Amino acid sequence: MTAKIAYDDVEVGTELPAQAFGVTRAVLVQYAGASGDFNPIHWNERFAKEVGLPDVIAHGMFTMAEAIRVVTDWTGDPAAVIEYGVRFTKPVVVPNDDKGATIEVSGKVAAKLDDNTVRVDLTATSAGQKVLGMSRAVVRLA
C-alpha cells in the first residue's frame, strides 16, 4: 500500500478529519484478550477504586491505538506511519453502562519535513479532558 495523500497537497495547518471512538467495558475485555493485558484496573470496578481510580479505565495502549486511527484513515495506509509517540496524561474512565466512554481525536499537519514526510499533531480527549499529550506522528505521504 501507499499513502493516498500527496505531500504537495498538504500544508502546515491542514486538518485531518476528526473522529470519535466509543469504548465500553466489553471492548476493554476484548482488547485485554488480544493484548494479554489483564490488569484488573481495566475490567474490575472494585479493584480500580481500591487503588484510587475513579472507575475502570481504558488501557493506555488502546487509547493510543484509537488516536492513530485518525492518521491511518487519512493516509489510507497504516504503513505510512513511520514514528508515533504519546504521553499518557489522563485516563479514559469507562463507566459500566451501555454508553461507556468516548475518545475524541483531531489532528493537524504541524510540520512538513524531508523525504515526503509530515509531522501530525493529535489531540485526544475524553469527558472534556485531554487524555494524551505530545501525541505526534511522522507520516510518509505519496
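Index from 1, following the sequence. Every heavy atom of this structure was used, including side-chain atoms; hydrogens, water molecules and symmetry mates were not. For clarity, every value in this text was computed on a predicted model and none was experimentally measured.
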Nearest 0.5 Å, please: how far is [atom2] in [Y] from [atom1] in [X]?
X: N116; Y: D8; atom1: CG; atom2: CG; value: 7.0 Å
X: D55; Y: R46; atom1: CG; atom2: CZ; value: 13.0 Å
X: M134; Y: R136; atom1: CE; atom2: CZ; value: 3.5 Å
X: L113; Y: E83; atom1: CG; atom2: CD; value: 9.0 Å
X: D37; Y: F62; atom1: CG; atom2: CZ; value: 12.5 Å
X: L141; Y: K4; atom1: CG; atom2: NZ; value: 13.5 Å

> Per the side chain to side chain contact (heavy atoms under 4.5 Å, CB included) rule, which among T2, T117, V118, D77 passes with R140?
Replying inline: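 Of the listed options, the one satisfying the test is T117.
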> Pick from V70, I5, V139, V105: which one makes a side chain to side chain contact (heavy atoms under 4.5 Å, CB included) with L16?
Replying inline: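 Among V70, I5, V139, V105, the one that satisfies the side chain to side chain contact (heavy atoms under 4.5 Å, CB included) with L16 is V70.
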Compare every heavy atom of [Y] with every heavy atom of [X], then report the nearest pair and how far apart it is.
X: D121; Y: A110; answer: OD2-CB, 3.3 Å
X: L122; Y: A67; answer: CD1-O, 3.8 Å
X: V12; Y: A111; answer: CG2-CA, 3.9 Å
X: A101; Y: P95; answer: N-CD, 4.3 Å
X: A58; Y: V94; answer: N-CG2, 4.0 Å
X: F88; Y: G60; answer: CE2-O, 3.1 Å

> Is the number of heavy atoms from other residues, nucleotides or ligands under 6.0 Å of K112 NZ greater than 12?
Replying inline: yes
> Would the number of heavy atoms belonging to other residues, nucleotides or ligands and lying under 6.0 Å from CG of D97 be above 12?
Replying inline: yes
Is there a path from [X] to [Y] through hydrophobic residues (I, L, V, M, F, W, Y) whose side chains come within less than 4.5 Å of each other?
X: L132; Y: V138; result: no
X: Y31; Y: I41; result: no
X: F38; Y: L28; result: no
X: V93; Y: V27; result: no
X: I57; Y: W43; result: no

Main-chain N/O of [Y] paired to [X] side chain as donor or acceptor, under 3.5 Å:
X: T125; Y: G128; answer: no
X: T89; Y: K130; answer: yes
X: S126; Y: I103; answer: no

>> With no hydrogens and no angle check, just 3.5 Å: does a side-chain donor-acceptor pair link D73 and Q19?
In response: yes
> Salt bridge check: are R25 and E45 linked by an N-O gap of less than 4.0 Å?
Replying inline: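 The answer is yes: the pair qualifies as a salt bridge.
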>> Let's go through E66 and T63 carefully: what are the C-alpha distance in whole Å and the side-chain angles of both, what is the deciding distance for side-chain contact (heavy atoms from CB on, under 4.5 Å) to 0.1 Å, and is it a yes or a no?
In response: CA-CA 5 Å; E66 291 293 79; T63 304; 5.9 Å; no
> Relative to each other, are the rings of H59 and H42 parallel, tilted or perpendicular (30° and 60° limits)?
Replying inline: parallel
> Looking at side-chain heavy atoms only, is the closest gap between T102 and V23 below 4.5 Å?
Replying inline: no
